[in-house]
Amino acid sequence: MSEGPSPNASDFIREMIRADVASKKHDGAVVTRFPPEPNGYLHIGHAKSICLNFGAAEENGGRCHLRFDDTNPSTEDIEYVESIQRDVRWLGFDWGEHLYYASDYYERLYMLGEKLIELGRAYVCDLTEDEFANDYRGTITEHGKDSPYRARSKDENLDLFRRMRAGEFADGAKVLRARIDMTSPNMKMRDPPLYRIKHAHHYRTGDAWCLYPLYDFAHCLSDSFEGITHSLCTMEFESARELYDWVVAATEVPHVPRQTEFARLNLSYTVMSKRKLLKLVKDGVVAGWDDPRMPTISGMRRRGYTPEAIRAFCKRIGVAKNLSTVDLALLEHTVRDDLNERAPRVLAVLRPLKVVVESWRDGEVDVLDAPYWPHDVPKEGTRPLPFTRELFIDRDDFAEEPPKGFKRLAPGREVRLRHAYVVRCTQVIKDAQGEIVELRCTHDASSRGGAPADGRKIDGTIQWVSATHATPLEVRLYDRLFTTESPGEGDRDFMEDLNPAALTSVSALGEASLANARHGEHYQLERTGFFVVDPDTTEGRIVLNRTVALKDAWARAQASSAGASPKVDAAARPKAQKTPAQAPRVVEELAPRARAWVDTHAIAEDDARTLAAHEALARVFDEALAASADARAVAGLLVNEILGELRSRDTDAPPFGGAEVAELVVLAGDGTLSRSQVKDVLGHMFAGEGAPRAIVEARGLRQIASEDALAPVVDRVLADNADAVARLRGGNANVLGALVGMVMKATGGKANAKVVRELVQARVAG
RNA sequence: UCCGGAGUGGUCCAACGGCAAGGAUGCGCGGCUUUGAACCGCGACGGUGGAGGUUCGAGUCCUUCCUCCGGAACCA
């Protein structure tokens, strides 16, 4: 199987982890976890997460835990625990000793609940769910207000919490809430519930508890208990991160894990939510979680997908934060790519049409030795393939009136029977209804093996089976479960988009060797598709599942020329309007402080607005003005350079003040420093190396602006890059930038880029 | 509407502020072929959501607008 484009997968998460390892964060340890809730079967979306968590850990010498996030007794079941373990293992990942259950932490978590109460960071609230939602939580745009129970004493809270555990209250009568901030813009922070009462039987803890922690409390603490360093989850948990951090800090647990979110996988023509998958199972639309039409791991396994193919797919799709829907065709390609080198080739006929080779003596059997593998798969092995007078070929491989370009069998025409003989159709026999029921052929005795002795070229090759040696097969042809790219798009019920033809079962005939097919084996039925032997197979009844069809250029061409159902070419679709309306720029009134800056210092309004919006920058700006610097230049530097730097360092205020910025502006203004040196110095200032002048002196920074000094460097670079110069002369203006960049690099950023640019232009023109 | 996130060929993912925005898939064409597969080659398809700004130079930094997604479960 060919490797993906990037053998060493890299994405923003792996980069972050590598950086953490390099900086010895957590002593360079990498511990991740895959935390499913045992309330459903794993699907291809989980596979993405599994590959990321186990993969990133392994690549960095770390480990990945399998943890069941089982904090909701009413939906969870041991069946799911077992299927999940089976699926993760099947995918090829190993958690070693590190199998955990949130339910094993119940006691520990409970104690932290008490601790939170003692620290005054949580309280027992008697509001019903509706009361809280309607009267206290507020809305997305309005603040909430404090629960009347928020001010309960520690003792009362503790007493109540213990009695909650003891089972004194009914479900929903009370919850334990975090005491955070009912006015937070993040709804998750408005005193979220941490514990709820649920008199329910838990599949692992039985009836030991009637008090169960909620995700936001249990998950982050479980991560902390296990020493998880990188807690990777999907984007919908993004606004929960603030609460995650709060709980970890508030409970004062020693280990602090870090949550990072990535986009979940969506696949075209499939649904992925557990709710929808469960409905398909419950409604009997599919035969179960492992139905080959399901995007579950177990369904794909039964369909014949391999772990290697799924892992290769996960590698190809990458990891990012974009909302994305991967084309199912990519998954299918990856599966074919994997199976191509894994599945031996055999012959089978799905829609049998009888063929009598009249020139073949009745009763004679020629056992051919047929290779299992095509010439480009480096594997060896053959099987005996009996050839007899009566055969079957596929109905699609014969046409009474062949269309243009048809390379298969037709009256009077020749075709090669794969691995066997070239035959010519001499007669077409029909029944009373005019239906073709049989073909009469003659064979070319010189063509045993497929090549006629006279060397004439035979265009078509088709599959066939001996009528007297055929193995009956039940072949299940699977197709995509939905007919539309986005099932249930808009207001439509996704069930309306179900593809009734997602499963077609046919009685087919396979070659003799297929009689020995064993459960789990992969085969390619030549010219048809990849198949796997289904577990329903019994002695004498071989069941084959179509994993994926082969690409079929002929069928595609026929379909599009027929125009009957022209496959909608994605490229032909009108481009989605990305910016529908050209909205006029609405300029808001400047804040008074910003207005004053604009009026008295003539700085740009946009800059003034930006500065006014960032307290730390505003302060630095005022300080710089006090140092009587060029206001416009200071504002520009703060807004365009320093602000971006602050963001990328994830800090609010720079480790230097206005005086230093003013000093830097002077150094830039008087020509001491080149522009790139200014950025360089800024970097050192952020690193806490002191004032600009000191940095400049210590490092001997001085820009080179004279043409005389720069000319030799420019000439050298131009001489070393004659090809680039040629391209520039050829009219590619972008190369100019690259050459300037090379000169800048050659001078260690000391050169004045403007002068360099002019020099390069002059040299190239001259 | 409030908070958060994201916008790069049809799709998915890349691109220390620097050479013609790269790869995969899909699509088309051709070669090869005892699978109309695979393999090989070629091609079309984007100027990076819009508008400003900073810079010698912007997909990348700043501003603003637009669009999409997530968040108001005693679910995870």
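Every chain is numbered from 1 and lettered A, B, ... according to where its sequence line falls, protein lines coming before strand lines. These values consider heavy atoms only, across backbone and side chains, with no hydrogens, waters or symmetry-generated copies.
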Of the nucleotides [options], which one has an atom closest to the side chain of [X]?
X      : options             : value
A:M742 : B:C62, B:C19, B:G70 : B:C19
A:D327 : B:G10, B:A24, B:C39 : B:G10
A:A553 : B:G36, B:A76, B:U35 : B:G36
A:E15  : B:C12, B:A15, B:C3  : B:A15
A:N340 : B:A76, B:A38, B:G5  : B:A38
A:K188 : B:G36, B:A76, B:C62 : B:A76
A:M187 : B:G36, B:A76, B:A72 : B:A72
A:E129 : B:G26, B:A20, B:C74 : B:C74

With a 4.0 Å cutoff (strictly under), does any side-chain N or O of [X] reach OP1 or OP2 of [N]?
X      : N     : result
A:K198 : B:C75 : yes
A:S648 : B:C61 : no
A:K551 : B:C27 : yes
A:R196 : B:C75 : yes
A:R556 : B:G28 : yes
A:R647 : B:C61 : no
A:T71  : B:C75 : no
A:N322 : B:C13 : yes
A:N734 : B:A20 : yes

**Asked** Within 45° of the axis and under 6.0 Å from the centre of the six-membered ring of A:Y212, does NZ or CZ of A:K198 qualify?
**Response** no
**Message:** Both conditions, 6.0 Å and 45 degrees, for the charged tip of A:R342 above the ring of A:F530: are they met here?
**Reply:** no
**Prompt:** Are A:W554 and B:G36 stacked, counting the six-membered base ring, centres under 5.5 Å, planes under 30°?
**Reply:** yes
Whole-angstrom distance between [N] and [M], as gauged at atom [atom1]:
N     : M     : atom1 : answer
B:G49 : B:U11 : P     : 13 Å
B:C40 : B:A24 : P     : 10 Å
B:U25 : B:A37 : P     : 15 Å
B:G26 : B:C66 : P     : 39 Å
B:C62 : B:G17 : C1'   : 14 Å
B:G53 : B:C45 : C1'   : 32 Å
B:G71 : B:C39 : C1'   : 49 Å
B:U48 : B:G41 : P     : 31 Å

**Prompt:** Between A:F387 and A:W464, what is the ring plane arrangement, given parallel below 30°, perpendicular above 60°, and tilted in between?
**Reply:** perpendicular
**Request:** Evaluate the ring planes of A:F161 and A:Y195, with Trp represented by its six-membered ring, and classify them as parallel (under 30°), tilted (30 to 60°) or perpendicular (over 60°).
**Result:** perpendicular
**Prompt:** Of A:A724 and A:G172, whose nearest nucleotide on RNA chain B comes first from the 5' end?
**Reply:** A:A724
**Request:** Take A:F237 and A:L643, find for each the nucleotide of RNA chain B with the closest heavy atom, and name the residue whose nucleotide sits nearer the 5' end.
**Result:** A:L643
Report which part of the nucleic acid [X] touches: base, sugar-phosphate, or nothing (heavy-atom distance under 4.0 Å, all strands).
X      : result
A:I140 : base
A:L347 : nothing
A:V639 : sugar-phosphate
A:R408 : base
A:G144 : nothing

Taking atom types as modelled, find out whether [X] and [Y] have a side-chain donor-acceptor pair closer than 3.5 angstrom.
X      : Y      : value
A:N322 : A:S324 : no
A:E526 : A:T461 : no
A:Q259 : A:R241 : no
A:D70  : A:S103 : yes

My understanding is that a pair needs two contacts under 3.5 Å, Watson-Crick or G-U wobble. By that rule, which nucleotide pairs with [N]?
N     : answer
B:A6  : B:U67
B:G36 : none
B:U55 : none

Write down the distance between [atom1] ([X]) and [atom2] ([N]), rounded to a whole number of angstrom.
X      : N     : atom1 : atom2 : value
A:E238 : B:A6  : CD    : P     : 7 Å
A:L739 : B:G18 : CG    : P     : 14 Å
A:R632 : B:C62 : CZ    : C1'   : 15 Å
A:F530 : B:A37 : CZ    : C1'   : 8 Å
A:K321 : B:G5  : NZ    : P     : 7 Å
A:E341 : B:A37 : CD    : C1'   : 13 Å
A:I180 : B:A72 : CD1   : C1'   : 14 Å
A:Y149 : B:C74 : OH    : P     : 17 Å

**Request:** Report the glycosidic orientation of B:G31: syn if within 90° of 0, anti in every other case.
**Result:** anti
**Message:** Tell me the closest heavy-atom pair linking A:P452 and A:I458, and the distance in Å.
**Reply:** CG-CG1, 3.9 Å
**Request:** Report yes if the distance between the aromatic ring centroids of A:F68 and A:Y101 is under 6.0 Å, otherwise no.
**Result:** yes
**Item:** Contact check, side chains of A:F262 and A:K48, non-hydrogen atoms, under 4.5 Å
**Value:** yes
Could you list the protein-to-nucleotides 54-58 of chain B atom pairs, N/O on both sides, closer than 3.5 Å?
{"unit_1": "B:U54", "atom_1": "O4'", "unit_2": "A:N640", "atom_2": "ND2", "d": "3.3"}
{"unit_1": "B:C56", "atom_1": "O2'", "unit_2": "A:R757", "atom_2": "NE", "d": "2.9"}
{"unit_1": "B:C56", "atom_1": "O2'", "unit_2": "A:R757", "atom_2": "NH1", "d": "3.2"}
{"unit_1": "B:C56", "atom_1": "O2", "unit_2": "A:R757", "atom_2": "NH1", "d": "3.3"}

**Message:** Test your reading of the model: is there a side-chain donor-acceptor pair from A:T234 to the backbone of A:E236, 3.5 Å cut-off?
**Reply:** no
**Request:** Answer yes or no: side-chain N or O of A:R345 and base N or O of B:U35 forming a donor-acceptor pair under 3.5 Å.
**Result:** yes
**Message:** Can you say whether a donor on the side chain of A:R316 sits under 3.5 Å from an acceptor on the base of B:C12, or the other way round?
**Reply:** no
